[in-house]
Number of protein chains: 2
Amino acid sequence: MTNEAPARRRATIKDVAKAADVSPMTVSNVLNGRLQYVSAATKKRVEREIERLGYRRQANARNLRVAEQRSIGMVIVDESPAFLADFFTCQVVAGLANVLNSADYTLTVQGMRGDQLETSMITRNFEVGGFCAMIAGSGEERRAAIRRLVDLDQPVIVFQEPITLPGADFCAIRQDDRGGGRLIGDHLLARRVEDFLAVVPAQDWPAIEERLAGLRESLAANGGGARLTVIASASESFADVQDVVARHLADHPLPGAIIGANDPIATAAMLYLFDHDVRVPDDVRIVGFNGFEAHRYARPRLTTVDSAAYQLGEQAGRAMLERLESGRFARNECVLPVHFDAGATT
Amino acid sequence: MTNEAPARRRATIKDVAKAADVSPMTVSNVLNGRLQYVSAATKKRVEREIERLGYRRQANARNLRVAEQRSIGMVIVDESPAFLADFFTCQVVAGLANVLNSADYTLTVQGMRGDQLETSMITRNFEVGGFCAMIAGSGEERRAAIRRLVDLDQPVIVFQEPITLPGADFCAIRQDDRGGGRLIGDHLLARRVEDFLAVVPAQDWPAIEERLAGLRESLAANGGGARLTVIASASESFADVQDVVARHLADHPLPGAIIGANDPIATAAMLYLFDHDVRVPDDVRIVGFNGFEAHRYARPRLTTVDSAAYQLGEQAGRAMLERLESGRFARNECVLPVHFDAGATT
DNA sequence: CTGTTAGCGCGTTCAT
DNA sequence: ATGAACGCGCTAACAG
């Protein structure tokens, strides 16, 4: 025999109605602010009973009845289990959640590997009003994931994906990574760098492909005299980055500049050089990408490109709310500018 | 006149049943894996129609019927709009989401200021099966927030809060911040430090109070000969930290050690010292807290205390799932160990 | 193995 | 200004 209290049934609209001696309809009117139909005195009485009974509206029943979802799904497709641990993704999610919350929407986050997309609750059930997605993987994998989401026949926003799907209920929101790559190229070319080494993570991110594309555009526009070598690190971890840099430098001359696909990679490379008595920027120049405050803590301060991840999330939130109200996305693409931030490493 | 396609009604169980020429109940049985009650041939037919019609189960209707919520709410109470941008919180949320997702639960995140707790959707509506909370603010504010959550009469887990609520449907999950503080104190006392300066953010975090408490315990155990001064920085930003450190040092002698409430603060302080030709660790020793990889990028490598934020989230997910199954929390408190990580700054 | 009935809690429609 | 009846989509209980 246990001492647990008997499971008290949660109060419903009916219970409140009975307690306040009105009909359920009147309670509903109070809850939904239809004050035209209810006297001030009744309203007071109903509200007191709501408070007293601790009544809370059953969201499932309401959403079922009004056939609407008050939640947006944020799906993060990534091989890593710590999907959300990525700082960029965090910022995006924070901005998105804030905008949605202030419009009384809820954000449902779900991380998964690419192959889990079809079996996950959030896609097999109908439980959110639309999807926002941050997707890693090869170009093909990403396209497949996007198609699966779009096939769900609900509004879809993807981050950091440079595509448009005309006619689809779809919107791509990203920062101008390609432009950022060009800015880096131009900056280094102006400093007479001729031999570029780019260090990217093995995991394919579309934004990183764009950064490289922009860099290549810059080199090509300059006449094509400069060389670019790209090497991939198993992960973005400190150790893996230093490892791949070490292996490359073992049988290659020092490049004029090392470009990290993001700030942590650039910083790891820089510290490797320090430990081997290479001077920055005198011997090798270093550039990162994304400008998160944490990585500016290293000295000398990294030259980088600031990205507006939080604003990306906010933008997505606004676009989704607008879509839900108006029935369609105002734009199918939205590109936010980046800002070049010259530090002391170039 | 618009060219939009007419809103196609979403397929229901009835539609699938009609198309497969069976009763809705049979479709439901297939969906829920009650294969004992349905022949293989029927199952095939039903599954084909589900696929063909793109049927997805209406979560609201199901949850209403079975009177259960398949989502857990994560509420983050913070004054800052970028609540989720905190790296520690990100890690916790990632671990939590992964555990819940793999049990086919969903995570609903909601950030808010303390005074919004009562008016927010997630608490006014009944829409999640339980709450996990990360709460900032003064001790009083935090207690009030916890009480409000517990009063909702649903399972509640709070992170980083050193309290127990015997008898309540409640569990506190945290790391051993106090132990970490003691480790720091012991480490520095062994190096003959007598004058300690702690730099904390103005925003009250319980974990940070614990770290200071542990530090004080260590000093007291040593005989109380050492002095501890605590100064607060307006925010955790680089600029604010350096500002408050500068102001303090303007009319105080250099302390033997500076203890940052977390790694970013410690790093900001360290870089300030560098810029003023103070040597670390020769003139002043520096210690951080939390051991995030990013902050180890600064040189010399910071002495810090590693925290297992991701595991904290995982632990919460497991505890919540267990609570939902068994009807009560197995433990009302769970403290994860921390690990002292000696770097080059002490 | 399959179908029928009833009702989860809420909001809408129509009546009073 | 308030109430009664109905149904949203789904599933538990029972009948066949």
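Quick note on labels: first sequence line is chain A, next is B, and so on, each numbered from 1. Because the structure is predicted, anything quoted here is derived from the model rather than measured.
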Check: What is the distance from atom CD of B/Gln116 to atom CE of B/Met121, rounded to the nearest 0.5 Å?
Finding: 13.5 Å

Note to self: Whole angstroms only, please: what is the CG-P distance between B/Asp21 and C/dT2?
What the structure shows: 11 Å

Item checked: Distance, nearest 0.5 Å, that separates CD1 of A/Ile50 from CZ of B/Arg124 -> 9.0 Å

Note to self: Going by side chain to side chain donor-acceptor pair (under 3.5 Å), B/Asp169 matches just one of B/Arg323, B/Arg328, B/Gln154. Which one?
What the structure shows: B/Arg323

Notebook entry, point to check: Under 3.5 Å, side chain of B/Ser326 to main-chain N/O of B/Glu322, donor-acceptor pair present?
Noted result: yes

Notebook entry, point to check: In whole angstrom, what separates B/Asn29's CG from D/dA12's C1'?
Noted result: 11 Å

With the criterion being N/O to N/O and under 3.5 Å, what pairs connect the protein with nucleotides 8-10 of chain C, and how long is each?
residue : atom : partner : partner atom : Å
C/dC10  : OP1  : A/Tyr55 : OH           : 2.6
C/dC10  : OP1  : A/Gln58 : N            : 3.3
C/dC10  : OP2  : A/Ile13 : N            : 2.7

Margin query: Between C1' on D/dG9 and CD on A/Glu68, what's the gap in Å once rounded to a whole number?
Written below: 16 Å

Notebook entry, point to check: To the nearest angstrom, how far is B/Leu35 atom CG from C/dT2 atom C1'?
Noted result: 15 Å

Checklist line | Nearest-nucleotide pick for B/Thr26, side chain only, options being D/dG3, C/dT2, D/dA12 | finding: C/dT2

Item checked: A/Thr42 side chain near D/dA1 phosphate (N/O to OP1/OP2, under 4.0 Å) -> no

Next item on the list: Could you tell me whether the side chains of B/Thr108 and A/Thr106 share a donor-acceptor contact shorter than 3.5 Å?
Entry: no

Next item on the list: Please check if the side chain of B/Asp78 supplies one atom and the backbone of B/Ser80 the other of a donor-acceptor pair under 3.5 Å.
Entry: yes

Margin query: What is the separation between atom NZ on A/Lys18 and atom P on D/dT2, rounded to the nearest whole Å?
Written below: 19 Å

Please write out each protein N/O paired with an N/O of nucleotides 13-16 of chain C under 3.5 Å, distance rounded to 0.1 Å.
none

Margin query: Minimum heavy-atom separation for A/Arg142 and A/Gly137, please, with both atom names.
Written below: CD-O, 3.0 Å

Next item on the list: Calculate, to the nearest 0.5 Å, the distance between atoms OG1 and CD belonging to A/Thr123 and A/Glu118 respectively.
Entry: 7.5 Å

Check: Within this structure, what is the CD-to-C1' distance between A/Gln69 and D/dC8, rounded to whole angstrom?
Finding: 12 Å

Next item on the list: Search all heavy atoms of A/Cys132 against all heavy atoms of A/Phe159 and return the closest pair with its distance.
Entry: CB-CE1, 4.0 Å

